[in-house]
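Just so it is clear, the model here is predicted, and its values are computed rather than measured.
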Amino acid sequence: MKLIEKGPWSIDQSTRYKVFEYNQHVEQNQDGTKSYHDCLKVFDGCTLVANIEEWSGRVWIYGKLQEITNYSGKSVPITTLLITDDQIQVYCEDMDEVYLLDLNKSYEKETVKNESESDYEEFKKYDIIKHFKYETLTDEMQKQHIYIYQALMTSVLDTETDEKLIIYKALYNGKLYGMDSGFGQVFARPEKMFYEEVNQEKYPNIDQKHRFELVRHMDHEINEKEVNKLKI
């Protein structure tokens, strides 16, 4: 992970943001090889502002996960960081888009709604769900069910983070359009991210309110032949 030292950000000088911790995590792979992952902690005085992991495209700002994914929903490695006085600019592998993360925004202050106040329906096992980027596709890609998924398991507990996850699979062959995921590829994502509202400033032409929304309920895991009969 390359770090650009520019503007008011510096390791040595007495500026607002400083990097106090930088280390590498080493993981033993099943084939006997080792993987090295860069980790970076950014502090504002004594307050941990951001925790960045190069290998998984994950940035925690004030304790809240901001997962950086490509068009197929897969986490992408961070290649370059530019930390200024009010934001982190994140450059990712094979991505044209630059992610801007606001360091002045307190992501800790989330409003947790009661079930009676929720404006979304929580997903159940085997539900067919749609990512909001479905709206950005051509008619041909929509017919191929790009960005359509099926939930395989819900409320799965991650024992490392105590987060609830949803396990879901792609109901499309993205490789036909240069995407990484083929039909049936399985993903895992924090449950709360499914119900996050779409950033209307970033995507002003999107009508869908949440990142994922329900298409229909199903009572079984569907196969590729059944998908061809699926109407969205």
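Note that CD1 of Ile146 is 13.0 Å distant from NE2 of His131, once rounded to the nearest 0.5 Å. Taking CD of Gln150 as the start and CG of Leu230 as the end, the distance is 9.0 Å to the nearest 0.5 Å. The structure places OG of Ser155 at 7.0 Å from CD1 of Ile166, a figure rounded to the nearest 0.5 Å. Rounding to the nearest 0.5 Å places CG of Leu176 at 9.5 Å from CE of Met141. Taking CZ of Phe187 as the start and CD1 of Ile167 as the end, the distance is 11.5 Å to the nearest 0.5 Å. Note that CE of Met218 and CG of Asp127 are 10.0 Å apart. Values are rounded to the nearest 0.5 Å.
Using a 4.5 Å cut-off on side-chain heavy atoms (C-beta onward), Leu137 and Gln144 make no contact. Using a 4.5 Å heavy-atom threshold, the side chains of Tyr149 and Ile128 count as separate. Under the 4.5 Å side-chain criterion, counting only non-hydrogen atoms from C-beta, Tyr177 is not in contact with Tyr172. Put simply, the side chain of Phe212 does not reach to within 4.5 Å of the side chain of Met193, judged on heavy atoms. You'll find the side chain of Ile206 stays beyond 4.5 Å of the side chain of Asn199, heavy atoms only.
In the hydrophobic clustering of this structure, Tyr195 groups with Ile129; members are Ile, Leu, Val, Met, Phe, Trp, Tyr whose side-chain heavy atoms approach within less than 4.5 Å, directly or through other members. Met153 and Leu157 fall into different hydrophobic clusters, where Ile, Leu, Val, Met, Phe, Trp and Tyr residues are linked whenever their side-chain heavy atoms come under 4.5 Å apart, directly or through other members. Both Phe183 and Ile148 are part of a single hydrophobic cluster, where members link through side-chain heavy atoms under 4.5 Å apart.
The closest side-chain donor-acceptor pair between Glu191 and Thr154, if any, does not fall under 3.5 angstrom.
Classified by interplanar angle (parallel below 30°, tilted 30° to 60°, perpendicular above 60°), the ring pair Phe194/Tyr168 is perpendicular.
Of all heavy-atom pairs spanning Gly182 and Ala170, the tightest one is O-CB, 4.0 Å. For the pair Asp180 and Gln185, the tightest heavy-atom approach, listed with the atom from each and the gap, is O-OE1, 3.7 Å. The two residues Leu152 and Lys169 make their nearest non-hydrogen contact at CD1-CB, 4.0 Å.
Contacts classified as side chain to side chain donor-acceptor pair (under 3.5 Å) and involving residues 223-232 (residues at least two apart or in different chains) are given here: His220-Glu226.
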Side chain to side chain contact (heavy atoms under 4.5 Å, CB included) evaluation trace for Lys130 with Tyr147: CA-CA 6 Å; Lys130 172 169 63 75; Tyr147 294 136; 5.8 Å; no
Worked check of side chain to side chain contact (heavy atoms under 4.5 Å, CB included) between Asp219 and Tyr126: CA-CA 6 Å; Asp219 59 4; Tyr126 299 138; 5.6 Å; no
Side chain to side chain contact (heavy atoms under 4.5 Å, CB included) between Glu196 and His210, intermediate numbers included: CA-CA 5 Å; Glu196 287 178 345; His210 301 101; over 6 Å; no
Test ring pair (Phe, Tyr, Trp, His ring centres under 6.0 Å) applied to Phe132 and Tyr203, step by step: CA-CA 10 Å; Phe132 74 86; Tyr203 301 100; 4.9 Å; yes
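Every residue two or more places apart in sequence or in another chain was checked for a salt bridge (charged side-chain N to carboxylate O under 4.0 Å, His left out) with Glu135, and none qualifies.
Checking each of Lys164, Arg211, Glu163 against Lys192 for a side-chain contact (heavy atoms from CB on, under 4.5 Å) leaves exactly one that passes, namely Glu163.
Using modelled atom types, one side-chain atom of Gln142 and one backbone atom of Tyr134 make a donor-acceptor pair closer than 3.5 Å.
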